[in-house]
Amino acid sequence: MDLPDTYRAMARIRRFEERLMALKESGEIPGSIHLCNGQEAIPVGACGVLREDDYVSATYRGHGWAIARGVGLAALFAEMMGRDSPISGGRAASPYLSDASRNFIGENSIVGAGVPIAAGAALTAKHRGHGAVSVVSIGDGAMNQGNVHEALNLAAVLDLPMVLVVENNVYSEMSRIEDMVRVHRLSERAAGYGIPGTVVDGNDVDAVTAAMAQAVGRAREGSGPSLVEAMTERLVGHYSGDAQQYRPAGEVAAAKEREPLARIRQAADAELTARLDTIEAEIAAEIDAAVTAARAIPFPDPATVTEHVHA
Amino acid sequence: MPESMRYIQAVNAALTWALDSRDDTVYFGEDVAIPNGPFGATKGLHKRFGAGRIFDTPISETGFLGMALGAAMTGMRPIAEIMYADFAFVAMDQIVNQIANIRYSSGGRWKAPLVIRMQQGYSPGACAQHSHSPEAYFAHTPGLRLALPATADDAYQMLRTAVTVDDPVIVAEARMLYPIAGEVRTDVPVEPMGGARVLREGPDVTVVAWSRMVPAALEAAETLAAEGIRAEVIDLRWLNPLDFETVGASVSKTGRLVVAHEANLTGGFGAEIAARVADECFEDLRSPVARVAAPDVPMPAAPVLQQAVVPEAVHVADTVRRTVHW
């Protein structure tokens, strides 16, 4: 992707999240939402190197991954509005949605639990031998879950084509990750599984793309899993109701100077700036249209509430 | 032609059939491949099918049950083995929050056609961490199917059914029954899922049991017959789907019910059967519903203590007598 395209892909996620928060505040979104504002370069960079037959898994902070994977904005809005969306039928909402048609294994509300499942998708890929890869994202806090440890070791010993992306936004939900671990870099733990681990600037979409191209390429050729730690910052709270009193004064303001969209804006000349402005206008229209389309999707029929428990 | 084989051999025969039937079936768990399985259930399968189809995993129940789910969602038919049912507790998140939920929470857009094989129950000297009968935990969770074979033939037939359906199925075998031989019908089509079975007919009292308590109930019925009490014995077989129709029809006939399970009394699946009978057969009942179960204590390891808590045929017989003479 060239620069305007990556900007568009990241801005689409940012404006989606912003509109989602507005809809939450106006009462149209029930339940908690966990936004990824500031972390957009990671899913955009990662999904940019993937094939259609690859698998993607994310966490409850996974709207950006869904969008980067090509899940429709109207479907996402509708699902989070509690409507009968074409992706999860109103049964998953913001923190647990998926899209089988996009090989988007989905989000997971249990921290770290998506990693063993992603290993299973990688097992399928390995069994079929077509070179597909399973990419799974977690946050820094998930690195302290046993399920991640088990899945990483399992993927390593079975040489599974899996890439674990650790989005290190320095907060383990509402606690600083540096208070929760004794390693400087989470990627150091990769050595404990005998797999490669690397750290990238997760706010630099080109750096993410390069690191993911290497890790995904390695998995595709049958050389096993790897771990990519992407350093980033959350511009918003852990969840929609988070007052963030635990964050030092000025931290978010400083992060806003370093976030992926601002970074491109800062380096842009007048011509590029004008182009980015045009892109923003187009995305605003895209978001408006998606919200309108989502509102046209009916709520699920309560008479169907017991459907889909079993085959 | 039916073949005589032990329960554990029937499991092995069903697994052989499963791996032979579909290339997308894979089998994994702890010590199942090269070591041939801790109880011999997978004996010879690694040699026959190779490491691409059956392999040993690290001791990581959460990891490999999650892997089973991801593989099932993406088109495989995995069978994962939990060595002891007690070890499933370390992976309850994957069973309850992940495997059981995914079909429903995606509105049917994903499916999870996987089997979790485990074996349960006490054996002499087995401690509280090797003796659980956890069926009620799984029966409580929507989305799971639950099979508890009590005979060699059912070990074969129910496992074959489990690997064929598109739902996640837990097959909880009875370790104490592994050496018991029986006729196994290896030449019949795969049975549909579900269905209780009336093993012995009688007009006086219905005894519902599953797993190890099935042979105990049959033994009790034999003892009681000599006393003139004619018990009807039902092997429930599947807790999900639950064949309550067979239970209800029997209770409507006998007017009396005893439910027997090895699991602890409180919140055991016997309570569910009792509640359903109270709800749906109230007017047919001639005496209170009674349960035979282990008391609410963790399983002790010393055999002399185990004998003080583990339900056996004698307890079933005693309870039936009280029910009939109420």
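By convention in this document, chain letters (A, B, ...) are assigned in the order of the sequence lines, proteins followed by strands, and residues within each chain are numbered from 1.
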With a 4.5 angstrom heavy-atom cut-off, which part of B:D166 approaches chain A: side chain, backbone, both or neither?
both
Check whether any side-chain heavy atom of A:L158 lies under 4.5 Å from a side-chain heavy atom of B:M67, and answer yes or no.
yes
Would you say the side chain of B:V165 lies within less than 4.5 Å of the side chain of A:H310, judging by non-hydrogen atoms?
no
With a 4.5 angstrom heavy-atom cut-off, could you sort out which part of A:A113 is near chain B: side chain, backbone, both or neither?
both
So which atom in B:T74 and which in A:G120 form the shortest heavy-atom distance, rounded to 0.1 Å?
OG1-O, 4.2 Å
For atom CD of A:E307, is the number of surrounding heavy atoms from other residues, nucleotides or ligands below 6.0 Å larger than 12?
yes
Verify, without hydrogens or angle tests, whether A:T124 (side chain) and B:M76 (backbone) share a donor-acceptor contact under 3.5 angstrom.
no
Counting neighbours of CZ on B:F49 that are heavy atoms of other residues, nucleotides or ligands and sit closer than 6.0 Å, is the number greater than 12?
yes
Tell me if the CD1 atom of B:I59 is crowded by more than 12 foreign heavy atoms within 6.0 Å.
no
So for A:H127, is it side chain, backbone, both, or neither that comes closer than 4.5 Å to the heavy atoms of chain B?
side chain
Contacting moiety of A:L152, where chain B heavy atoms sit under 4.5 Å
neither
Between A:E79 and chain B, with a heavy-atom cut-off of 4.5 Å, which part of the residue counts as in contact: side chain, backbone, both or neither?
neither
Under the criterion side-chain contact (heavy atoms from CB on, under 4.5 Å), I'd like the reasoning laid out for B:N97 against A:Y96: C-alpha separation, chi angles, the key distance, then a yes or no.
CA-CA 11 Å; B:N97 273 322; A:Y96 190 28; over 6 Å; no
Taking every heavy-atom pair that is under 4.5 Å apart, which of A:A100, A:S109, A:G89, A:A119 has the most such pairs with chain B?
A:A100
If contact means a heavy atom pair closer than 4.5 Å, which residues of residues 99-109 of chain B contact chain A?
B:N101, B:I102, B:R103, B:Y104, B:S105, B:S106, B:G107, B:G108, B:R109
Measuring heavy-atom distances to chain B, does A:V157 have an atom under 4.5 Å in its side chain, in its backbone, in both, or in neither?
side chain
Taking atom CD as the centre, does A:E188 end up with more than 12 heavy-atom neighbours from other residues, nucleotides or ligands that are less than 6.0 angstrom away?
yes
Among residues 128-142 of chain A, which residues come closer than 4.5 Å to chain B, judged by heavy atom distances?
A:R128
Side chain / backbone / both / neither for B:F64 at chain A, heavy atoms under 4.5 Å
both
For B:P58 versus A:L154, what's the shortest heavy-atom pair and its separation?
CD-CD1, 3.2 Å
Quick check on B:V26 against chain A: is it the side chain, the backbone, both or neither that has a heavy atom closer than 4.5 Å?
side chain
Euclidean distance, B:E61 CD relative to A:N147 CG, rounded to 0.5 Å:
13.5 Å
Can you tell me if B:Q98 and A:N108 form a side-chain donor-acceptor pair at under 3.5 Å?
yes
Rounded to the nearest 0.5 Å, what separation is found between the CD1 atom of A:I117 and the CG atom of B:L69?
4.5 Å
When the 4.5 angstrom heavy-atom criterion is applied to A:S85 and chain B, the contacting part is backbone
Out of A:I87, A:D84, A:L97, return the one with the most heavy atom pairs under 4.5 angstrom to chain B.
A:I87
To the nearest 0.5 Å, what is the distance between CD1 (A:I105) and CH2 (B:W110)?
4.0 Å
Return yes when atom NZ of A:K24 has more than 12 non-hydrogen atoms of other residues, nucleotides or ligands closer than 6.0 Å, and no otherwise.
yes
